[in-house]
Structures are given as structure tokens and as C-alpha cells.
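Working notes for the structure below.
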Amino acid sequence: MKNVLISGASVAGPALAYWLRRHGFTPTVVERAPAPRPGGHAIDLRGVSVDVVRRMGLLEEARRVAVDCRGMSYVDATGRRVADMPASFLGGNGVVGEVEILRGDLVDIFYRATGDEVEYVFDDTITSLTQTPDGVHVTFERSAPRVFDLVVGADGAHSVTRSLAFGQESRFSRELGCYVAYFTAPNVFDIQHWDLFHNMPGRKVAALRPSRRPEEAKVLFGFASGPLDYDHRDTERQRQIVAEVFAGAGWQVPRMLQAMEAATDFYFDSATQIVMDGWSRGRIVLLGDAGYSPSPLGGGGTGLAVVGAYVLAGELAEAGGDHAAAFAAYEREMRDFVRQSQKLPPGGVNGFVPRSQLAIRMRNLSIRTLPHLPWAGLIEKAVNRSDAITLKDYGLTATPFGEPGITRSR
Ligand SMILES: Cc1cc2nc3c(=O)[nH]c(=O)nc-3n(C[C@H](O)[C@H](O)[C@H](O)COP(=O)(O)OP(=O)(O)OC[C@H]3O[C@@H](n4cnc5c(N)ncnc54)[C@H](O)[C@@H]3O)c2cc1C
């Protein structure tokens, strides 16, 4: 059970490859893109996911490149701040994660930590999976067929591994009625360590400034919508959809739309949760968004992927070759954490994109008054669910650095 194929080289795939190497497995990662994909907004690492990155020996590096975010504000159409949430808001556990890092930077750190020891095959995808008693026979779009002991689908909410092994996406996806787009734009917003948000009924725009690249801003567009008809790979059509939805909007939106046309890291997707009764079929198992995406609205997808990678590799090592026992233990350990992380923040989609001007004003008012209310602590608990799992050590001994798992051979 040593040769493991992982589909997807974003967060979950390289994190799993790291832990599998540490436990003595031989992972191969296949990624459809020609290189690790840059792009995305800032993502949160909190609680146990910070602990896993620390055990990887990569926490210092993650902190070094982290976004120095000191708070968030909602602005009106003229740019005037109407509701502020400093990092200390909700006891310091609400709006800013322990490590707030650009998704692309985290992917880059995980990739560089594994790139010398792990075989990465870019620009390719699995086309068929056939399980036999001796392994999984895999065919690819470009590479020659190969046999692996195990296959892990870490290829996101629209996972091809899941479609091939478990059935079509619609059986497992819960569309939340909302779409998001992310891209990099020139920093014309005068943002200094502070994220800015602007809501219009059913629509939202956010901009943040990465600390190390002050000339750049990371932009998010979000909007409520019924199912849209578009091809996942047709980014021109996706840009057109966003431009139409945000036409005529105020604040800095026209400049952002202009920047979107030139952006090389444009990413667009529906806000989708993946909910499954089981994450494995024989020798094939799912990890991260492929098996249990909480959607970008919940914000916990990266933490789940990082922790899931640690647990899956650890259980495989502990089961000593019995993949069925390992997959069952992985599910047992992760199930409650996943269930908690898939609970949407208060208000759900309507909290993300309030549907009327009145609802936007009420939300701004509640942000201004919330810290003074006696039940603020309860809301803080509802927002922060990052500790709903206790990590095992999986036999990794302490290193000279005093942390389990940091036995890097390079
Ligand atoms: C470019 C990009 C930007 C993102 N930006 C944000 C963001 O700003 N905020 C947020 O909350 N979440 C964002 N996400 C999602 C976020 O990364 C995940 O929710 C979370 O980190 C869990 O990661 P994952 O590795 O399970 O899945 P994902 O990050 O979705 O990664 C899946 C990987 O699999 C690859 N892949 C897909 N199909 C195939 C295939 N057939 N064969 C091989 N590889 C395949 C994809 O190219 C991707 O690299 C983004 C994802 C991507 C890919």
C-alpha cells in the first residue's frame, strides 16, 4: 500500500503528499493545470489547522508571508466606512484568522516543501479508474496508464475522481444559490492592512492588499443567483457574467471590472457544499473539497483540507497496509469536524449578500452594536469551529525542534 496517486495539487494534494512522504509512502500528484495554480483571496488558518502547519515545520514561513490584516470595514457606494470590524472584534476570533494567508502563497509553500521528493505530473488528468484485487488501474489523458495501490481525489468540489468512482456531481453537491469570483487587480483602493467590503442588494465586492505586494489588491465578487449555465473552463464567459451582474455598481467597482478583464488569475465558481455519506470506495478515497467542501461562504475549506491530509496519512500509516481500516478511521476522526465546518455562518447566503438596502443597513447596524451585546460570546462560538477535532500524533516522534512530524530529510 505504498504507491499512492493523488489527483489535485492545490492545498489538499500537496499537504497529503507531504505527510505520506513523512510516513514512508510514495505519492504521485497529477494536476490538470500546467503548474500549481496561483490566485484566490486570503484564506484563514485557525486552531488545529495552524497546529498541523506547525507540525509540518512550515508555520514560520506561512506567518512570514501572511497577510497583515488588522480588520475589515464595510463601505457605502461613496467609499465612506459604515461598519468596522477590527481584528479584536468578537474576542479576536471572528473576522481575522490566526494565520491569514493568500491561498496562492499557501499552495506555493506546500508545493515547495514537497517538490523535491514527490513526483508531480502537471497538465494531465485521470480519465478512468479500474479497481482490481492488486490495485487501481489508472488511465490519463496524456500520460501512459499506471497501477497504484491507492488513489486519493483531492481535485476540488468538481472532482473528476469523485465522478469516476462515486457517480455524478449532482448527487453530492448542495448549490447555495451564490457565485464567487477572485482575481488580482492594481491596488487603486488605498487599502492599508484593512479589507474593504461593499454590498449592493444580492451582490458583494471585497478588496484586500497583500502585505508583501502593496501594489496589488485581491478582489472578490460575490452574488446571489439561481443556477447559471456556463462551462467550468470558459473564463471569458465567466468574466462576462460577472461584468453583467455588476454593471452600474458604485464605489470602485467600475475600476475593478476593468482590472478583471486583464487579470491572469481569474477564478470563478458556484458556492457549493459537497455532502457525502462515505468518502471511500475500495482503494479510492476523497480529501478536502472533493469529499466535503464547506463552500467559500463558511471559509473553513482550507483548514479542513490541511487537517484531513494529516489525518488520512496518519491513519494509513497506523493501519499498516489495511486501507479499509484506515479509511474508516479517517472518516471517524474527521466526520464531526466536517459537520461543524459545514454549518454556514449566521444568516447563510443572505448574510453574505443581503437582498435589500434595508437588510444591508440592518447588517451594518448589527456590526456596530454587536460587541456591546451580552450574547456576543455565543456568536463568536458560532463563527469559530476550528477546534472541533483533537489531533493524534500517529507515531511521529519529536524532532530536535521539539515538534512531532518535523523529520524532513532535505
Ligand atoms: C485557483 C483557486 C482559487 C481559489 N480561491 C479561493 C478563495 O479565494 N477563497 C476560498 O475560500 N477558496 C478558494 N479556493 C478553494 C480553496 O482552495 C479550497 O476550498 C480549499 O483550500 C480546499 O482545497 P482543495 O485542495 O481540497 O481543493 P481546491 O483548492 O479546489 O483544489 C483542487 C485542485 O485540483 C485540480 N484539479 C481539478 N480537476 C482536476 C483533474 N481532473 N485532474 C487533476 N487536477 C484537477 C485543480 O486545478 C486544483 O488545483 C480556490 C481554489 C482554486 C483552485
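Atoms within a ligand are numbered from 1 in the order they appear, just like the ligands themselves.
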Pairing of K392 and E315 as salt bridge, 4.0 angstrom limit: yes

Check: D149 main-chain N/O paired with R283 side-chain donor or acceptor under 3.5 Å: yes

Those residues that, when tested against V160, pass side-chain contact (heavy atoms from CB on, under 4.5 Å) (two or more places apart): T125, D155, L164

Side-chain heavy atoms of M260 within contact of V219, under 4.5 Å: no

R63 bridged to E60 by N-O distance under 4.0 Å: no

Flag, side chain of D124 to backbone of S143, donor-acceptor distance under 3.5 Å: yes

What does the N/O contact table under 3.5 Å look like for ligand 1?
{"residue": "ligand 1", "atom": "8 (O)", "partner": "H41", "partner atom": "N", "Å": "2.5"}
{"residue": "ligand 1", "atom": "9 (N)", "partner": "Y182", "partner atom": "OH", "Å": "3.2"}
{"residue": "ligand 1", "atom": "17 (O)", "partner": "R103", "partner atom": "NE", "Å": "3.2"}
{"residue": "ligand 1", "atom": "19 (O)", "partner": "D289", "partner atom": "OD1", "Å": "3.3"}
{"residue": "ligand 1", "atom": "19 (O)", "partner": "D289", "partner atom": "OD2", "Å": "2.6"}
{"residue": "ligand 1", "atom": "21 (O)", "partner": "T302", "partner atom": "OG1", "Å": "2.9"}
{"residue": "ligand 1", "atom": "25 (O)", "partner": "V11", "partner atom": "N", "Å": "3.2"}
{"residue": "ligand 1", "atom": "25 (O)", "partner": "A12", "partner atom": "N", "Å": "2.9"}
{"residue": "ligand 1", "atom": "26 (O)", "partner": "D289", "partner atom": "N", "Å": "2.9"}
{"residue": "ligand 1", "atom": "29 (O)", "partner": "S10", "partner atom": "OG", "Å": "2.7"}
{"residue": "ligand 1", "atom": "31 (O)", "partner": "S10", "partner atom": "OG", "Å": "3.3"}
{"residue": "ligand 1", "atom": "41 (N)", "partner": "T125", "partner atom": "OG1", "Å": "2.8"}
{"residue": "ligand 1", "atom": "42 (N)", "partner": "T125", "partner atom": "OG1", "Å": "3.3"}
{"residue": "ligand 1", "atom": "44 (N)", "partner": "R32", "partner atom": "N", "Å": "3.1"}
{"residue": "ligand 1", "atom": "47 (O)", "partner": "E31", "partner atom": "OE2", "Å": "2.6"}
{"residue": "ligand 1", "atom": "47 (O)", "partner": "R37", "partner atom": "NH1", "Å": "2.9"}
{"residue": "ligand 1", "atom": "49 (O)", "partner": "E31", "partner atom": "OE1", "Å": "2.7"}
{"residue": "ligand 1", "atom": "49 (O)", "partner": "E31", "partner atom": "OE2", "Å": "3.4"}

